[in-house]
Amino acid sequence: MQSISAEELLTWKKKQLSKGGNQQSFSFLLDAVGGISHNELNLLKINSRDELILRKNLDFLESIWDDHLINSSPIQYLCGITFWRDLKLKVTDKVLIPRPESELIVDIVFKIFGKKSQKLCFAELGTGSGAISIAIALKYPSWEGIATDIDQNALEIACKNYENSSKKSNLKFRCGNWWTPLENLKGKIDLAISNPPYIPDDIYENLPKEVKNFEPKVALIGGEDGLEHIREIIQKAPIFLKEKGWLILENHFDHGENVKQLMSKNSFTSVEIMKDLSGVGRFTIGRYK
């Protein structure tokens with residue numbers, strides 16, 4: 001803990017931002033590690049004589065900021081957490097940092113199912129930090145969910161995030177590749193969701209270094225055309241989904257039509273490409289028969 005005047009903090013902030021980086025990442029650092037929220041930071045400009053208590057001292061915060069600037073390390077990994085929807089999630093380099101656009105997957109679920117309170121079974125394939133499954137499990141406490149991931153380290157992080165977010169027990173975690181951990185649920189799943197690796201090999205090589213050098217490769221690359229994992233998920237989905245069960249996929253920004261065709265060829269109806277907040281066809285949804 002460190003006691004500091006608002007004026008001193010604002011002067012220090014100006015100095016740090018003069019080194020580089022952006023306001024959003026710096027505000028994240030102050031909130032996640034320093035304990036000063038974005039709103040509190042804005043109020044400091046009005047009440048510059050206030051005294052503040054920082055959870056960590058300025059030297060420690062500066063060391064994180066310097067690492068971020070010098071090595072392009074994602075600020076979320078350096079802080080060990082990220083904020084997603086209304087969740088505070090633990091993240092390490094074993095899981096992708098949940099993107100804001102993926103929040104819309106949860107909104108799509110809400111749009112399809114509304115306020116249905118009856119018991120349904122949902123599964124998320126490749127859960128990573130657990131963000132999507134946790135948000136759905138919290139919204140629908142009567143549902144039973146299973147989140148899978150091929151990486152046991154990722155699952156441990158997801159489990160911890162669920163424990164930190166809920167006192168319920170309606171979400172379980174299983175290790176394995178895509179549908180493999182769900183053998184006992186053939187024909188029983190009402191909803192399956194996945195944000196699989198979908199970046200084509202050639203595009204991966206040109207990703208920003210803060211992504212390519214730090215985030216798990218296995219969670220990003222989708223093969224030569226980016227559809228390797230999506231094909232497998234769609235082709236096997238009819239084995240596991242109930243009739244009229246839904247499949248929701250996040251895909252590469254220019255793959256919507258390809259994913260739509262794959263769904264249609266595998267007995268899905270009501271297939272629709274849905275746009276993210278930038279107007280990009282980021283999600284493809286379909287109903288099995």
Side-chain angles (χ1 to χ4, degrees), residues 82-87 89 96-116 120-140 143 145-148 178-179 189-200 203 207 211 219-223 225-238 240-289:
T82 193
F83 301 107
W84 191 86
R85 291 183 75 90
D86 55 353
L87 299 172
L89 301 168
L96 281 183
I97 299 164
R99 281 14 183 213
E101 56 266 26
S102 296
E103 295 183 16
L104 294 178
I105 292 179
V106 181
D107 294 331
I108 292 169
V109 173
F110 295 167
K111 183 177 180 181
I112 292 172
F113 291 94
K115 296 181 179 179
K116 289 187 178 180
L120 297 180
C121 176
F122 77 91
E124 183 191 6
L125 313 183
T127 193
S129 67
I132 293 170
S133 284
I134 293 169
I136 294 172
L138 290 173
K139 176 69 174 180
Y140 296 106
W143 292 15
I146 297 175
T148 76
W178 303 132
W179 298 101
I189 297 173
D190 298 281
L191 165 68
I193 308 142
S194 187
N195 176 13
Y198 54 67
I199 297 175
I203 293 178
L207 288 178
V211 176
L220 291 167
I221 296 181
D225 63 357
L227 294 169
E228 178 182 328
H229 302 292
I230 286 175
R231 281 194 197 91
E232 180 178 351
I233 291 169
I234 292 174
Q235 287 167 1
K236 293 183 179 179
F240 294 88
L241 290 175
K242 284 182 180 178
E243 193 161 319
K244 303 298 183 184
W246 286 90
L247 177 63
I248 301 175
L249 295 171
E250 181 169 334
N251 49 253
H252 199 251
F253 71 90
D254 59 353
H255 285 171
E257 286 299 332
N258 292 327
V259 178
K260 185 177 180 180
Q261 289 176 24
L262 284 168
M263 281 193 177
S264 297
K265 287 178 182 177
N266 285 274
S267 302
F268 281 86
T269 59
S270 304
V271 181
E272 185 180 352
I273 299 169
M274 305 193 77
K275 296 179 180 180
D276 63 17
L277 296 176
S278 300
V280 172
R282 180 72 62 182
F283 314 99
T284 308
I285 70 171
R287 199 169 196 181
Y288 177 53
K289 291 185 178 179

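Scope of the values below: all heavy atoms of this structure, side chains included, with no hydrogens, waters or symmetry mates. Throughout, numbering of the chain's residues begins at 1 and tracks the sequence. What you see is a predicted model; the values in this text were computed from it and never measured.
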Going by ring-ring contact (aromatic ring centres under 6.0 Å, His included), name the residues that satisfy it together with F283, two or more places apart in sequence or in a different chain.
none

Considering residues at least two apart in sequence or located in another chain, which fulfil the side-chain hydrogen bond (donor to acceptor under 3.5 Å, both in side chains) criterion with S102?
N195, E250

Identify the two heavy atoms, one from P197 and one from H229, that lie closest to each other, and give their separation to 0.1 Å.
O-CD2, 3.6 Å

Side-chain donor-acceptor contacts of residues 266-274 below 3.5 Å, not counting sequence neighbours, with atom names and distances?
unit_1, atom_1, unit_2, atom_2, d
N266, ND2, L262, O, 2.8
T269, OG1, R287, O, 3.3
T269, OG1, K289, O, 2.9

Exercise: identify the closest heavy-atom pair between G226 and I230
O-CD1, 4.4 Å

Given side chain to side chain contact (heavy atoms under 4.5 Å, CB included), test L249 with M263 step by step and report yes or no.
CA-CA 10 Å; L249 295 171; M263 281 193 177; 3.8 Å; yes

When rounded to the nearest 0.5 angstrom, what distance separates CD1 in I105 from CD1 in I132?
3.5 Å

Smallest heavy-atom separation, A131 atom then L87 atom, equals O-CD1, 3.8 Å

Looking at OH of Y288 and CD of E243, how far apart are the two atoms once the value is rounded to the nearest 0.5 Å?
7.0 Å

Rounded at 0.5 Å granularity, tell me how far CD1 in I233 sits from CG in L247.
7.5 Å

E232: partners by salt bridge (charged side-chain N to carboxylate O under 4.0 Å, His left out), with sequence neighbours left out:
K236

Tell me if a side-chain donor or acceptor on E124 pairs with a main-chain N or O of S133 at a distance below 3.5 Å.
yes

Partners of K242 by salt bridge (charged side-chain N to carboxylate O under 4.0 Å, His left out), sequence neighbours excluded?
D190

Among residues at least two apart in sequence or on other chains, which ones pass side chain to side chain contact (heavy atoms under 4.5 Å, CB included) with D225?
L227, R231

With sequence neighbours left out, the residues meeting side-chain hydrogen bond (donor to acceptor under 3.5 Å, both in side chains) with H255 are none

Closest approach of T148 to L125 (non-hydrogen atoms, all atoms of both residues):
OG1-CA, 3.4 Å

Qualifying residues under side chain to side chain contact (heavy atoms under 4.5 Å, CB included), relative to F253, sequence neighbours excluded
V280, R282

Heavy atoms only: give me the nearest A135-R85 pair and the separation to one decimal.
CB-CD, 4.3 Å

Using side-chain hydrogen bond (donor to acceptor under 3.5 Å, both in side chains) as the criterion, list what pairs up with W179, not counting sequence neighbours.
none

To the nearest 0.5 Å, atom SG of C121 lies from atom CG of L191 at 9.0 Å

Interatomic distance, I221 atom CD1 to I203 atom CD1 [nearest 0.5 angstrom]:
11.5 Å

Do I189 and I146 have side-chain heavy atoms sitting under 4.5 Å apart?
no

Are the side chains of W246 and F122 in touch, meaning some heavy atoms are under 4.5 Å apart?
no

Not counting sequence neighbours, which residues clear side-chain hydrogen bond (donor to acceptor under 3.5 Å, both in side chains) with T284? List them please.
N251

Would you give the length of the straight line joining atom CD1 of I199 to atom CG of L220, rounded to the nearest 0.5 angstrom?
4.5 Å

Minimal non-hydrogen separation, W84 against P98, with atom names:
CD1-CB, 3.3 Å

